[in-house]
Structure formats: C-alpha cells, structure tokens
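Let me begin by presenting the structure, written as structure tokens, before commenting on it.
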Amino acid sequence: MDFSFEVLKTDPSGARLGRLTTPHGVIETPAFMPVGTAASVKALTQNALEELGAGIILANTYHLYLRPGHELIRKLGGLHAFMSWHRAILTDSGGYQVFSLADLRKITDEGVRFRSHLDGSEHLLTPEKAAEIQLALGSDIAMVLDECIETPARREVAEAAVKRTTAWAGRARKYFEEFASRNGNPPQWQFGIVQGATFADLRRESARQLLDLNFPGYAVGGLAVGEPHELTCEMTAEATALLPTEKPRYLMGVGQPEQIPDYVARGIDMMDCVLPTRAARHACLYTSEGRVLIKNARYIEDQRPIDPHCKCAVCKRYTRAYLRYLFAAKEITAAILATHHNVQFYLDIMRQVREAITFGQLGNFTAELRARYLAGPA
Ligand SMILES: [Zn+2]
C-alpha cells in the first residue's frame, strides 16, 4: 500500500501546503477535485482532465451502485480500469445522494432504506454496505456513511445525527479493518466525516468522537448548504482545530471560486464541487474578473477570449462570440468548451493558492482575488 500525507509548509493563516501520495499518483494540496458523478466528469474526456492537470477526481457511490453496479465494476477490474482513469479517485459514501435524490427514504440505526430514482427498486444502504461498495469500486479514498440532515437544523436533530454518524463511522471502520485482516490491506484510505450542522460544540464533539476511530483522514460534511459563508468558515475551523495536523482534511462540496482560499486558511487540504462543471452547462463561465453569463447579448460580437488571463486551450483558441453562438444554437460543443475552461479556472485557483502559501502571501492573494472577482467583468 502506497499512501502517505505530509504537510510541507504551514502559513500563519493556518493554510497548509502538502503532498498526498496515493497508489495512483501524488497530489499537491490544497487540491480541488472535479466531480465525476457517474464515472464521468460531464463533458470532459479523461484525456482532457489529464491535460488540465487534475490529479484526483470524485465519483459518486450512489450512482455507480445503482448503475452499472459495483459488482460489474469489480469484475471489469475496478473503477480506475473501467473508466480508464489512472490518477486518483475519491468516492463519497452515497449518503448525501440517498438523502437528497432517492425516494421514500427511511432512516433507522441500521441504515437508510430508499427507492432508486432510476427504477423505483428498493435498497438498504448501511455503513457496512457503503464500505463494501467502495472496496469493490477500488477508489483510492473512500468515505464512511454519515447522516445528512437539512439545514438549518434543530439542535435535537443535529445531536441525534452526530450520534448516529459516529456509530455508523465505527461500524464502517470495523468492516474495513476486518476486510483488511482477511484480505490484506486494500489499496484504499477510509475517511471519517465530521457532522454537527451549525452548532460549534456539536462539531467539536463529532470531531473528538471520530478521532478515537483513528481514520487516516477526515472530512467536514454538511456545510455550504445554505448557511452564510462566515458560518461555514467558522464551523470548518471548529473541526480542523481538533483534527490531527498530520492527516489530510477534506471539506465536502465547496465552493464559490472566491471562497476557496477562505477554506484553505481554515486548514482544509481537499475540496470538491459540482459548480464549475454544472455552471458550465448552464452557460455560466468563471473568470478572473467574475462570472460571465455567456448567453448575454452583450457578447454577440465580443472577440475576446472567455478570460484574457486564462491559459486553457479554449481561451487560447475561441472567442466569447463563438461560445455565445454555440450555446444559442444548442451545440454539444458549448458544454464541452465551457466545462474545459471552468475546470481549468478552479484548478488554476488552487495552483495560485499553493504558490501563495509557498511565498507566505495567502492573505494578499485572497484579498486580490476577491476584489478582482467581485468587481465583475469589463
Ligand atoms: Zn480558459
């Protein structure tokens, strides 16, 4: 097993420059992970992802379990071989999708019973099952099943969810460790997830309880789901203050481009977000000067690239006028080009963040990014 994590430098802000080594390559952290829900980052080929410099992508357990099925993927050599992606993959536990997508879900201490959003078939997702599916997929990093609740949450609800999340994490860890003792260590790291909604003491309690289970890495979940950005940062800081400095921390499902350095400054090493890919398909382009809504009539004759500061293949070659036309004509290429640029933009922000930490300039970089970004496009 070829896993390690090292912190190379810590910024006065709390930001960390690090290196995560996996059996599928070394990832410089802080890292952004593009989301490949159904074993595909929508509108991007694996070649394009390599060209963009993505070292790790995320795939969704819920989707792959329902279709094509984890047993088929195992039979075909695991997720890396199946999708021909030879860099790292992180899989979520399926919990978030069960709570947000599936019908008729019923939560008990045993797990979550739900109906597939595809064909209505009934399934039971337990902490053990989520671990089993991810071992079959063979992802580099697997997440434990946690209970996701709606925000804002009442305290009693959040408390009960923390309790259940800890119990489930314990069962997932046990399943994983028994698997390892039977079959030898799998080439996978399993991460625990800190919950606690927007209650600082519950976040601390959740982190403390998970520490006893000795995960090789920890995620912070259930944030950036509608609460104010300051509160997301505060809750993240409550969790990371208690997490071991020598282990990677992953903030799930964030965020807006100008918010990324704020999370890094709270000691976060990894993030994922559907925003760059989803927004691209809706003609929303992220640039160093803010969002460009490319369908707008003002771009009809605009001969400039999407972002004059971007070095991606799309900005080097195409004009805003052409992109606008492709969206208006509903050409498939519109989504492909827009996604390519947006993913480059997110990966570039992380490159710049890492550079800023290297030179002790994260504070200045963050202020400059926000000012430029919020001023909006010319
Ligand atoms: Zn570009």
Side-chain angles (χ1 to χ4, degrees), residues 27-28 30-37 40-58 85 87 254-261 263-264 271-356 365-366 368-378:
I27 298 133
E28 308 295 329
F32 177 75
M33 305 183 281
V35 177
T37 300
S40 161
V41 176
K42 291 188 199 308
L44 284 185
T45 63
Q46 275 65 321
N47 274 331
L49 283 165
E50 285 164 6
E51 188 190 312
L52 288 165
I56 179 167
I57 60 171
L58 188 137
W85 172 253
R87 296 183 183 176
V254 293
Q256 298 285 345
E258 76 280 9
Q259 297 171 341
I260 286 176
Y263 303 130
V264 172
M271 296 172 216
D272 76 287
C273 194
V274 293
L275 263 187
T277 42
R278 181 178 291 164
R281 299 195 300 280
H282 292 98
C284 171
L285 304 168
Y286 293 104
T287 80
S288 55
E289 294 162 346
R291 293 187 317 166
V292 166
L293 303 175
I294 196 68
K295 278 186 180 171
N296 199 306
R298 68 195 282 204
Y299 302 118
I300 285 179
E301 297 181 21
D302 196 331
Q303 296 276 50
R304 292 173 296 172
I306 297 168
D307 184 347
H309 301 290
C310 177
K311 294 189 167 51
C312 87
V314 174
C315 289
K316 266 192 227 156
R317 185 158 193 165
Y318 304 103
T319 64
R320 292 179 180 181
Y322 182 60
L323 258 290
R324 189 202 168 272
Y325 151 75
L326 290 177
F327 271 105
K330 296 189 166 50
E331 286 291 330
I332 292 170
T333 318
I336 295 170
L337 299 185
T339 305
H340 192 100
H341 165 79
N342 274 1
V343 171
Q344 165 96 30
F345 183 72
Y346 267 68
L347 293 172
D348 267 350
I349 286 188
M350 279 305 195
R351 282 185 203 107
Q352 291 160 11
V353 162
R354 292 195 296 269
E355 197 178 279
F365 170 78
T366 306
E368 197 197 314
L369 173 77
R370 191 173 293 124
R372 210 156 27 104
Y373 194 82
L374 296 178

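Indexing begins at 1, ligand by ligand and atom by atom, following the structure's order. Small disclaimer: the values here were computed from a predicted structure and weren't measured. If you read the sequence from its start, that first residue is 1, and numbering goes on from there.
Not one N, O or S atom of H340 sits under 2.8 Å from the Zn ion (ligand 1).
If you put the vertex on the Zn ion (ligand 1), SG of C315 and SG of C312 sit 110° apart, to the nearest 10°.
In this structure, CG on L337 lies 10.0 Å from CZ on R317, to the nearest 0.5 angstrom.
Atom CZ of F365 sits in a crowded spot, with more than 12 heavy atoms from other residues, nucleotides or ligands closer than 6.0 Å. In the displayed structure, I332 atom CD1 is contacted under 6.0 Å by at most 12 heavy atoms of other residues, nucleotides or ligands.
Minimum-distance N/O/S atom of H341 relative to the Zn ion (ligand 1): ND1.
Using cut-offs of 30° and 60° on the angle between ring planes, the pair Y346 and Y286 is perpendicular.
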